Each structure stands twice: as C-alpha cells, then as structure tokens.
Amino acid sequence: MFIAKIVGNVWGTRKHGSLVGARLLLAVPVDPASGRPIGEAVMAVDQRMSAGPGDTVLVMDEGNSARQILDDKKAPVRTVICGIVDAIFYQGKAVKF
Amino acid sequence: MRAAHVIGRVFCTRQVPQIDGKTLLLIQPLSWDGLKPVGDPLVAVDAVGAGAGEKVFYVAAREAAVAFDDLPAIDAAVMGIIEGHVYR
C-alpha cells in the first residue's frame with residue numbers, strides 16, 4: 001500500500017464490466033511528511049471510500065488484494081483506494097490531513 | 001493503471017493460440033499529467049473495442065488476463081476508453 005493524494009478523476013462509458021459504477025480517481029504517491037508528490041500518478045478505483053480531490057488516501061497496489069476489496073474475481077484492477085488518511089505519526093511528528 | 005494512446009494494430013498470421021481471435025493494439029503509454037507520451041509503445045489486447053487514435057486506459061500483468069473470462073496468456077489489456085479526465 002502507499003500514501004497518495006487525489007489529484008483528479010477519469011470518466012468513460014465504454015469500459016470493462018467490472019468498472020461500471022466504480023469511481024476512477026487519479027492518485028499521485030506523496031511523501032508522508034511533506035506531502036510532496038514522489039512519482040507518477042496512477043488511476044485507482046474508489047468503490048466505497050468516496051475520496052474527493054485533495055484527500056490523502058491509502059492505495060492498495062496489488063491485484064489480488066484489489067479484487068478481494070472490490071469483491072469481484074474478474075476486476076482487472078491493481079490499485080484500489082482502501083482508506084482515507086486522517087493522520088500519520090512519522091519520525092516523532094504527527095502529520096494531520 | 002495507466003493512460004495510453006492507440007497508435008496502431010498488430011496482425012500476425014502465425015501466433016500462439018492463446019491470443020487467437022483477440023485484437024492486438026499498438027499503444028503508446030501516456031502520463032496522467034497532461035497525457036504526455038512516456039516510455040516505449042507496447043502491444044495490448046483490446047477488451048473494449050478501442051480504435052486507432054483513441055485515448056484509453058490499460059492494465060498490465062496478471063490483471064490483464066483477469067479482464068477476460070478464460071484467463072488467457074496475455075500481459076497487457078486495454079480495458080477502457082477515456083472520454084474525459086481532470087488532473088489538477
């Protein structure tokens with residue numbers, strides 16, 4: 001799993017059946033302490049977390065876990081939003097979001 | 001799961017049976033930030049009827065095989081056509 005910030009979303013009607021009804025968000029991995037982006041944005045599925053733009057989230061980054069979270073054995077998904085981060089305690093500091 | 005631009009199709013008269021009957025699309029991966037080309041083109045199996053010139057999103061590795069019912073031996077699959085996206 002990695003910590004990321006929601007920076008956008010994607011929409012399209014013609015897509016794989018397992019993605020119908022799921023929100024497709026763009027999440028860029030961020031450094032927990034500073035919040036600076038550290039890498040390429042990825043598209044992650046948000047089924048129940050209803051994360052919004054600017055939210056700091058936890059992203060599951062492995063297909064099998066993603067399919068269990070989405071409860072869909074056929075979902076061709078690797079990254080799923082699996083939590084909205086409220087705070088991180090890191091190197092003795094508390095980072096709140 | 002990354003964005004890509006469909007830049008062509010690939011036809012092979014001789015190919016392994018696992019990819020028979022599947023459309024092979026030549027795609028150029030794009031960054032979500034500004035849809036700029038990033039990395040080298042690759043060949044992905046089409047799962048949604050994407051055509052040349054369309055902006056799509058694809059998935060790689062085992063998730064590509066999961067996109068199909070019979071779990072074929074493929075490593076990348078186009079599974080959606082981008083109608084629009086926002087990137088702040």
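Lettering of chains follows the sequences in order, A, B, ..., and the numbering in each one begins at 1. Quick caveat: nothing in here was measured; it's all calculated off a predicted structure.
- Heavy-atom neighbours of D40(B) CG from other residues, nucleotides or ligands within 6.0 Å: at or below the threshold of 12.
- Only the backbone of A75(A) comes within contact range of chain B, with at least one heavy atom under 4.5 Å from a heavy atom of that chain.
- Between E83(B) and R14(A), none of the side-chain N atoms (NZ, or NE/NH1/NH2) sits under 4.0 Å from a carboxylate O, so this pair counts as no salt bridge.
- Within the 4.5 angstrom heavy-atom criterion, no atom of I6(A) approaches chain B.
- For F57(B), the part lying under 4.5 angstrom from a heavy atom of chain A is the side chain only.
- Between chain A and the options A67(B), G84(B), G80(B), heavy-atom pairs under 4.5 Å are most frequent for G84(B).
- Contacts of S18(A) with chain B are absent, with no heavy-atom separation under 4.5 Å from either backbone or side chain.
- D86(A) has no carboxylate O lying under 4.0 Å from a charged side-chain N of K96(A), or vice versa, which leaves the two without a salt bridge.
- R2(B) places a side-chain heavy atom less than 4.5 Å from the side chain of Y58(B).
- For K36(B), the NZ atom sits in a packed shell: over 12 heavy atoms of surrounding residues, nucleotides or ligands are nearer than 6.0 Å.
- When heavy atoms are compared at a cutoff of 4.5 Å, R62(B) approaches chain A solely by way of its side chain, counted from C-beta outward.
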